[in-house]
Amino acid sequence: NGGSVGIGTATPNEVLTVQGNISASGSVYSSDVINVKAYGAVGDGTTDDSSAIQAAIDAAEALGGGTVWVPAGTYKVATRLVINTTNVAIVGDGRHQSILKASGTLTSLLHIGMTDGSRTAMQAEVKNIQLHGNGTCTDAVLNLWCPYQCVIQHVYITDGAASGLESDTNTSTINTLAWSNRYLDIQSRSNGGKGFYFKGEKDTQFDNLHADNNTGDGFYFGAVSLNSGALFETTTCTIGSCLSRNNTGSGFVMDGIEKYAIGELESTINGGYGLKFLTSDTNDTSIALNSFQCSSFISRNDSLGGLRMADNSQVMSSHFGSVVVRGPTMNTDAIGIYLAGVDAVSISSIYIVSVPGTALYLDNGTPLGGSSTPCTNMNFGMVYLNSNGHTSATTSHGLSILGTSEVNVGTLISNNLYTTGSDYEINAASTGDVRFSGGVTLVSSSGENSINGPKVNFGGALSLEGSTPAMYLRDGGTTTPPVS
């Protein structure tokens, strides 16, 4: 009727419940909407609104769920806000209009889940709001513990002392409770740790996430031990499109994951690798068939290299549609794609340009910290390697197959720099094996080397181009030049 309920009071006498829609400051919400200003929040950026906002959250919890509305304004939060019952949503008027800003020393600005570490699944939503760490939040700006069917959408997270967003679960039983969540349209920027940290997520959707300028990895996806033994889980998740840019660590880290289906990952100007696979806990024997599928991965000027599958990672039965790696502002020994000890990985198209070190490198690895294991059952479709290598790099091969690794390649075009001395367009160890089913074109300038190795097999045409192409084909009777 045009009036107000509890405006300007810290403890309203009653909660207004509307059956239907309510309009406030141009925003429309459904029933059970609780305005934080009805509980005394001011939103002037100076007044401590912690108690008022927490009172509004508690009121929604007392109703069995509801929407806590944060109108446009900057709300100073000097005490951590906690949602520890299900079906509560915090909704603002926009991520640059409604701002919760931390003050003092906090572990997190907003915590969803039990605070004592107990295992209770928690349903909640956070939408259309900015969470500003203001240099504090020593765990994460937004912390989710055992989230279940949570929705985090249209949220901007910034300036935390540690990670921007962290999701985790505990290990008391064999079922993860980080389950069926949706993380949509979120930017995590200028935080003191990782942009996004997800551990133990299952059946979860990630889409349109952006990690920028964080002091750590842009994204971390990790498995969690569920029974203090060999069963780990972070499975059957989907990622639409994610961008990682200008972070101190790697763009994306995949730690023991399995059964991920991904649309597009883009990593640009990060301090580590573009996309790095590892297994930090080598007891993780449950990832026998991890079936990682990615339509497109792009790496631009990531300091240590583009795609890396090594570091005890066990990667099997996985596929990429296309992988693009571009330099040149990378570390001198950066490798475009480095694969060690992986099995049954296929890439339809590979495009590596201006990487200072070797462009495409396969070697033995130690999956789960075990014995030396070659790359096996590897299949690459079209491979294009151009202008890779540097005079100061340890190796400047185009394609290098070391150990006892083997690979099948459709077509190859290789035109790289500094393939002299012990560097080659194609380099295979005496026990390495590479087979080409289609055409191979190698472009070598005067004095450069084309091919080295006894098990380089051509099923299609071999074309050597250049001013004075030099081809060194190493076989059992040739001892020089050595394989490096």
Side-chain angles (χ1 to χ4, degrees), residues 245 251 266-275 296-308 320-339 347-363 380-402 407 409-428 434 436 438-453 456 461-472 481 483-484:
R245 179 182 178 87
E266 182 168 346
S267 180
T268 303
I269 323 176
N270 294 291
Y273 299 93
L275 174 56
S296 173
F297 169 63
I298 301 172
S299 171
R300 295 185 176 92
N301 289 316
D302 293 309
S303 293
L304 300 183
L307 171 61
R308 180 180 175 89
F320 286 84
S322 66
V323 175
V324 176
V325 182
R326 294 186 65 97
T329 56
M330 308 166 81
N331 287 6
T332 301
D333 283 323
I335 293 174
I337 298 177
Y338 179 75
L339 309 177
I347 305 175
S348 296
S349 65
I350 296 173
Y351 184 95
I352 305 176
V353 177
S354 300
V355 170
T358 292
L360 179 53
Y361 195 116
L362 281 71
D363 200 357
F380 303 148
M382 189 282 289
V383 179
Y384 178 78
L385 313 175
N386 186 49
S387 300
N388 301 291
H390 191 276
T391 54
S392 299
T394 303
T395 62
S396 291
H397 302 298
L399 169 62
S400 185
I401 314 296
L402 298 187
V407 61
V409 181
T411 61
L412 170 68
I413 300 174
S414 188
N415 178 15
N416 298 292
L417 307 174
Y418 311 112
T419 51
T420 59
S422 57
D423 293 314
Y424 299 84
E425 296 289 348
I426 300 173
N427 178 66
V434 55
F436 296 95
V440 174
T441 300
L442 307 179
V443 182
S444 300
S445 299
S446 177
E448 292 186 329
N449 303 324
S450 295
I451 304 170
N452 185 32
V456 182
L462 170 63
S463 175
L464 298 177
E465 299 179 3
S467 57
T468 310
M471 175 177 172
Y472 294 96
V483 174
S484 62

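Values in this document were obtained by computation on a predicted structure and should not be read as measured data. We number each residue from 1, following the sequence as shown.
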Of all the heavy-atom pairs spanning [X] and [Y], show the shortest one and how long it is.
X    : Y    : value
L385 : A359 : CD2-CB, 4.0 Å
G321 : S348 : O-CB, 3.0 Å
A334 : S303 : CB-O, 3.5 Å
N331 : P356 : O-CG, 3.4 Å
G305 : S299 : O-OG, 4.1 Å
A428 : V456 : CB-CG2, 4.0 Å

Could you tell me whether the side chain of [X] and the main chain of [Y] form a donor-acceptor pair under 3.5 Å?
X    : Y    : result
H397 : Y424 : yes
N301 : T329 : yes
S396 : H390 : yes
N388 : S354 : yes
D302 : G272 : no

Decide yes or no for [X] and [Y]: does some side-chain heavy atom of the first lie under 4.5 Å from some side-chain heavy atom of the second?
X    : Y    : value
M382 : I350 : no
V383 : I413 : no
L402 : N427 : yes
L307 : Y338 : no
F380 : L362 : yes
V355 : I335 : no

What distance do [X] atom [atom1] and [Y] atom [atom2] have between them, rounded to the nearest 0.5 Å?
X    : Y    : atom1 : atom2 : answer
I298 : T268 : CD1   : OG1   : 8.0 Å
L360 : S414 : CG    : OG    : 9.5 Å
I426 : I401 : CD1   : CD1   : 9.0 Å
S349 : F320 : OG    : CZ    : 11.5 Å
F436 : L462 : CZ    : CG    : 9.0 Å
N449 : Y418 : CG    : OH    : 15.0 Å

Check step by step if side-chain hydrogen bond (donor to acceptor under 3.5 Å, both in side chains) holds for T395 and T358. CA-CA 6 Å; T395 62; T358 292; 2.7 Å; yes
Output, in order, the C-alpha distance, side-chain angles, deciding distance and verdict of side-chain hydrogen bond (donor to acceptor under 3.5 Å, both in side chains) for N416 and E425. CA-CA 7 Å; N416 298 292; E425 296 289 348; 2.9 Å; yes
Between R245 and E266, is the salt bridge (charged side-chain N to carboxylate O under 4.0 Å, His left out) condition met? List the steps. CA-CA 8 Å; R245 179 182 178 87; E266 182 168 346; over 6 Å; no
Check V353, I352, T411 against Y384 for a side chain to side chain contact (heavy atoms under 4.5 Å, CB included) and give me the one that passes. V353
